[in-house]
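Worksheet: one structure, shown below.
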Amino acid sequence: MTSQALQENLQRVRGTLASSAAAGGWPVPRLIAVTKTHPAEDILPLDGLGVKDIGENRVQELREKLPALDKKFRVHLIGRLQTNKVKYIIDDVCLIQSVDRVELAREINRLAAAHERRVPVLVQVSPAGEPQKGGVAPEEVRGLLREIAPMEGLRVSGLMAVMPMSDDEAYLEGLFRSMRGLFDALRGEAMDGVAMEELSMGMSGDYAIAARCGATMVRVGSAIFGPRQ
Ligand SMILES: *Cc1c(COP(=O)(O)O)cnc(C)c1O
């Protein structure tokens, strides 16, 4: 895509984010540009446009692109992560957003300890109960948090949600509001070892609703780069 198109798309997304957040009375969420399927040369111009956070969902693809990205970005791992692949990305990511089972947390913890690090993670929630997308059901979040909170190699920093595909805005808004409600409730509970700081929700189809409902981060791909091939 041309740099002008990229710039225009970004401007549109940022404008929508700002107005939607204002409409809901929330701070403007941080924009994570989802760069999966796009080559490094298409990603690098984001740096000059003020985008510092990128999201990738596949370990292999991220590994291949990292050298060309030249440490210019904070990388968020946003997709399903196999336990045996954590070792390939642990030193290169700023936040693993997709922790949805104890075994995965244990492996991150084990490697983080070996590297004397604390790795920031989010617990992935499936608000509509779609296990094929990963994520725990809302009623299982507390149990998972209790198990992973004592792990010293993790810094448990909040929640991430992937919404179902739907054109029904009222339905989606209800789910986003319930996620924000869960996030606020957990924050109020102030569990030891859990810092409820980030609520990552909203993608190209629904980030405006997410911003209106109190997301702190949105993960936007195709609205910035155009449709994936
Ligand atoms: C691909 C992806 C996104 C971005 O999707 P778009 O619809 O292109 O904005 C966000 N979150 C996750 C987990 C993804 O896999």
Side-chain angles (χ1 to χ4, degrees), residues 1 5-6 8-17 20-21 28-40 42-43 46 49 51-65 73-82 85-86 89 93-101 104 120-138 141 157-169 171-172 175-176 179 183 198-213 215-229:
M1 80 185 309
L6 181 67
E8 284 171 4
N9 287 348
L10 204 51
Q11 204 166 19
R12 185 163 25 77
V13 169
R14 283 175 163 150
T16 302
L17 272 182
S20 305
V28 182
R30 179 153 36 132
L31 175 62
I32 316 295
V34 176
T35 49
K36 65 187 185 198
T37 75
H38 300 287
D42 290 353
I43 301 171
L46 289 173
L49 298 170
V51 176
K52 298 295 172 192
D53 291 272
I54 63 171
E56 286 279 338
N57 70 339
R58 292 182 52 219
V59 168
Q60 175 72 22
E61 184 184 340
L62 172 59
R63 297 278 315 159
E64 286 168 12
K65 286 192 253 189
F73 300 95
R74 291 186 290 263
V75 180
H76 299 245
L77 206 287
I78 61 171
R80 293 208 91 169
L81 182 54
Q82 287 173 268
K85 295 201 170 151
V86 177
I89 48 101
V93 295
C94 72
L95 180 63
I96 298 177
Q97 298 204 2
S98 46
V99 170
D100 62 355
R101 52 198 197 282
L104 176 57
V121 302
L122 305 183
V123 164
Q124 185 178 340
V125 185
S126 174
E130 297 177 289
Q132 72 281 8
K133 289 189 180 171
V136 297
V141 171
S157 306
L159 305 178
M160 182 266 236
V162 179
M163 295 296 162
M165 293 289 254
S166 171
D167 295 331
D168 183 342
E169 282 212 14
Y171 168 64
L172 289 173
L175 292 176
F176 282 123
M179 279 301 305
F183 175 78
E198 299 292 353
L199 177 58
S200 170
M201 58 182 190
M203 305 177 22
S204 291
D206 55 16
Y207 69 91
I209 315 174
R212 200 166 71 226
C213 297
T216 69
M217 289 179 178
V218 295
R219 309 177 308 270
V220 179
S222 45
I224 296 174
F225 287 108
R228 278 181 289 279
Q229 306 302 308

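Each ligand, and each atom within it, is numbered from 1 in the order the structure gives. Both backbone and side-chain heavy atoms feed into the values below; hydrogens, waters and symmetry mates do not.
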Practice task
Start with the C-alpha gap between Arg30 and Glu198, add the side-chain angles, then the distance that decides, and say whether side chain to side chain contact (heavy atoms under 4.5 Å, CB included) holds.
Solution key: CA-CA 10 Å; Arg30 179 153 36 132; Glu198 299 292 353; 3.6 Å; yes
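- Using a 4.0 Å cut-off to heavy atoms of Val220, the atoms of ligand 1 that qualify are 9 (O).
- Near Asn57, meaning under 4.0 Å from any of its heavy atoms, are these atoms of ligand 1: 15 (O).
- Looking at Arg58, its side chain never comes within 3.5 Å of a backbone N or O of Lys36 through a donor-acceptor pair.
- Heavy-atom contacts of Lys36 reach the following atoms of ligand 1: 1 (C), 2 (C), 3 (C), 14 (C), 15 (O) (cutoff under 4.0 Å).
- At distances below 3.5 Å, at least one donor-acceptor pair connects side-chain atoms of Ser204 with backbone N or O atoms of Ala223.
- For the residue pair Leu46 and Phe225, the shortest heavy atom distance occurs at CD1-CZ, 3.7 Å.
- Looking only at protein heavy atoms, the nearest one to atom 6 (P) of ligand 1 is Ser204 OG, 3.4 Å.
- Checking only distances, Gly221 does come within under 3.5 Å of ligand 1, N or O to N or O.
- The backbone N or O of Leu122 sits nowhere less than 3.5 Å from a side-chain atom of Ser157 that would complete a donor-acceptor pair.
- Of all protein heavy atoms, the one closest to atom 12 (C) of ligand 1 is Ile78 CD1, 3.5 Å.
- At the top of the distance list for atom 11 (N) of ligand 1, counting protein heavy atoms only, stands Arg219 NE, 2.9 Å.
- Put simply, the side chain of Gln124 gets close to the backbone of Lys133: a donor and an acceptor are under 3.5 Å apart.
- The atoms of ligand 1 that sit less than 4.0 Å from any heavy atom of Ser222 are 6 (P), 7 (O), 8 (O), 9 (O).
- The shortest contact between atom 5 (O) of ligand 1 and any protein heavy atom is with Met203 CE, 3.5 Å.
- With hydrogens and angles disregarded, a donor-acceptor distance shorter than 3.5 Å links the side chain of Lys65 to the backbone of His38.
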